[in-house]
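The next block holds one structure in the form of C-alpha cells; read it before the comments.
Order of appearance sets the numbers: ligands from 1, and atoms from 1 within every ligand.
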Amino acid sequence: MDWSSKTVMVTGATAGIGAATALRFAEAGATLIITGRRKQRLETMADVLTSAGANEVYIHRFDIQKKEQIAAVVKNITADTLSVDVLVNNAGLSRNFSPMWEDNTDGWDDMIDTNIKGLLHMTRALLPGMIDKNSGHIINIGSIAGHEVYQNGAVYCATKHAVKAITASLRLDLFKTNIRVTSIDPGLVETEFSEVRFYGDKERAETVYKGFQPLTAADIAESVFWSASMPEHVTIAEMLVLPTDQASATMVYKK
Ligand code: NDP
Ligand code: 8X3
C-alpha cells in the first residue's frame with residue numbers, strides 16, 4: 001500500500017499504543033491526524049512524526065468525552081480538505097480496579113464516556129465521508145477484557161465488551177460497502193494505562209508488569225499497521241494479541 005497518499009487519524013496519540021501507532025504510520029509516509037488532551041505531548045509527537053517521515057501532521061487537542069468538540073474537529077479536518085482513510089479509535093482508559101461497591105463512580109463515567117461514547121461519536125462523525133467515497137477503515141482498540149471478564153474490572157470489561165459488539169455490528173451496517181472494520185484486542189501492554197487506572201500510583205502500576213515480559217506499544221502498533229496494510233478485499237475482523245506469558249485475562253506466568 002502506498003501510504004504517502006493516505007490520511008490516518010489516531011485518537012489518544014499522546015502516549016502508549018496511540019503514540020506508537022502514529023509513529024508506525026509516519027514511518028510509512030502517511031499524513032497523520034493525532035489527538036489527545038495534552039497539548040505539549042501533541043506538539044512533541046508532531047515533531048517526532050515529522051522526523052520519522054510523515055507526509056504531514058495535524059494535531060487536534062480535545063476531550064473525546066465531549067461530542068461537540070468531536071464535531072468541531074471533524075469540521076476542521078474537512079476544512080483542511082483532508083479525507084480520513086483510516087481511523088484508529090484508540091483513546092481509552094480504566095479508572096478502577098476494585099469491587100463494584102467500592103468503585104469511584106466518576107471513574108465509571110470516565111470509562112463509559114471515553115471507551116464507548118468517544119469511540120461512537122468519533123466513528124459517527126467520520127463515517128459519512130467514508131460512505132461518500134465508498135472506502136475507509138475503522139480500527140478499534142478493544143482488549144482481552146472484551147473477550148473475558150475479571151474480578152474488580154466490571155465496568156472496564158463492560159466497555160470493552162461494548163467495543164467488541166460495536167465493531168461486529170458496524171461491520172453488518174457496512175455490508176455491501178468497501179469500508180473495513182477491525183478490532184485489535186491486546187492483553188497486557190506496558191504503557192501509562194495502569195498508572196491512569198490506579199490514579200497516579202506509579203509503584204502499584206509497575207507491579208502489574210513485573211516478573212514477565214508484557215507487550216510493548218510497538219507490538220500493537222505493528223498489528224494495527226499490518227491490518228491496515230492488507231489489500232482492500234481483506235478485512236482482519238478481530239485480532240487478539242497476547243504476551244506469550246499470558247494465557248487468559250488472569251493467567252499470567254510471573255517468574
Ligand atoms: P495510555 O494511558 O498510555 O494512553 C491513553 C491515551 O488515550 C492517551 O493518549 C490519552 O491522551 C488518551 N485519552 C484518554 N482519555 C482521553 C480523553 N478523554 N480525551 C482524549 N484522549 C484521551 O494507555 P494505552 O496506550 O495502554 O491505551 C490505549 C488503548 O488501548 C485504550 O483504549 C486501552 O483501553 C487499550 N488497551 C490497553 C491495554 C494495556 O494493557 N495497556 C490492553 C488492552 C487494551 P491524553 O491523556 O493526552 O488525553
Ligand atoms: C487492558 C488490559 O488486562 O487490564 O485492557 O484488561 S487488562
Side-chain angles (χ1 to χ4, degrees), residues 9-23 34-45 59-67 69-70 73 88-97 106-107 109-119 121-122 139-164 166-167 183-200 202 204-205 207-209 212 214-221 223-224 239-243 245-252:
M9 181 164 188
V10 183
T11 67
T14 55
I17 294 169
T21 299
L23 180 62
I34 56 168
T35 85
R37 291 163 302 182
R38 287 170 286 182
K39 185 167 180 277
Q40 183 59 53
R41 291 247 193 144
L42 282 172
E43 285 167 358
T44 306
M45 272 305 291
I59 61 179
H60 287 284
R61 175 175 176 251
F62 66 97
D63 185 341
I64 209 160
Q65 294 185 15
K66 309 264 190 305
K67 65 179 178 185
Q69 295 185 12
I70 292 177
V73 164
V88 183
N89 277 317
N90 164 77
L93 79 176
S94 172
R95 290 298 266 171
N96 285 318
F97 196 72
D106 288 342
D109 292 334
D110 248 352
M111 289 185 273
I112 291 167
D113 291 349
T114 308
N115 302 0
I116 306 177
K117 290 166 76 179
L119 175 147
H121 286 295
M122 218 40 256
I139 303 184
N140 295 329
I141 305 300
S143 171
I144 191 170
H147 296 251
E148 297 175 40
V149 293
Y150 50 82
Q151 198 175 24
N152 297 329
V155 178
Y156 180 72
C157 292
T159 66
K160 291 300 181 177
H161 274 69
V163 171
K164 187 173 161 65
I166 290 163
T167 306
S183 180
I184 304 293
D185 302 341
L188 288 156
V189 190
E190 189 164 10
T191 63
E192 293 171 16
F193 177 86
S194 292
E195 208 182 311
V196 173
R197 169 175 258 175
F198 301 140
Y199 290 85
K202 280 191 185 193
R204 190 175 176 202
T207 62
V208 175
Y209 309 108
F212 76 109
L215 296 170
T216 64
D219 296 326
I220 301 306
S223 310
V224 173
M239 195 194 293
L240 180 63
V241 187
L242 302 177
D245 284 331
Q246 181 173 21
S248 77
T250 51
M251 282 178 69
V252 181

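In this structure, Val163 and Asn115 approach most closely via the heavy-atom pair CG2-O, 3.7 Å.
Residue Asn115 has no nitrogen or oxygen atom sitting less than 3.5 Å from a nitrogen or oxygen atom of ligand 1, judged on distance alone. Here's the thing with Tyr209: none of its N/O atoms is less than 3.5 angstrom from an N/O atom of ligand 1.
Given atom 19 (N) of ligand 1, the protein heavy atom at minimum distance is Ile64 N, 2.9 Å.
Looking at Leu188 against ligand 1, only its backbone comes within 4.0 Å, counting heavy atoms. Counting heavy atoms under 4.0 Å from ligand 1, residue Glu195 does not touch it at all.
Near Ala13, meaning under 4.0 Å from one of its heavy atoms, ligand 1 places the atoms 9 (O). Counting atoms of ligand 1 from 1 in the listed order, those under 4.0 Å from a heavy atom of Gly142 are 43 (C), 44 (C). Near Phe62, with a cut-off below 4.0 Å to any heavy atom, the atoms of ligand 1 are 19 (N), 20 (C). Interface of Tyr156 with ligand 1, defined as ligand atoms under 4.0 Å from a residue heavy atom, comprises 33 (C), 34 (O), 36 (N), 44 (C).
For the pair Arg95 and Tyr199, the cation sits on the ring face: its NZ or CZ lies under 6.0 Å from the ring centre, inside 45° of the axis.
In this structure, Lys160 has a heavy atom closer than 4.0 Å to ligand 1. In this structure, Gly118 does not count as a contact residue of ligand 1, since none of its heavy atoms falls inside 4.0 Å of the ligand. The shell of residues lying under 4.0 angstrom from ligand 1, judged by heavy atoms, excludes Ser194.
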Go ahead and list the nitrogen or oxygen contacts between ligand 2 and the protein that come in under 3.5 Å, distances to 0.1 Å, or just say none.
unit_1, atom_1, unit_2, atom_2, d
ligand 2, 4 (O), Tyr150, OH, 3.3
ligand 2, 4 (O), Arg197, NH1, 3.1
ligand 2, 5 (O), Ser143, OG, 2.6
ligand 2, 5 (O), Tyr156, OH, 2.6
ligand 2, 6 (O), Tyr150, OH, 2.6

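For atom 18 (N) of ligand 1, the nearest non-hydrogen atom from the set Thr11, Leu215, Asp63 belongs to Asp63. For atom 38 (C) of ligand 1, the nearest non-hydrogen atom from the set Gly187, Ser143, Pro243 belongs to Gly187. Of the candidates Gly18, Gly92, Ala91, Gly92 brings a heavy atom nearest to atom 5 (C) of ligand 1.
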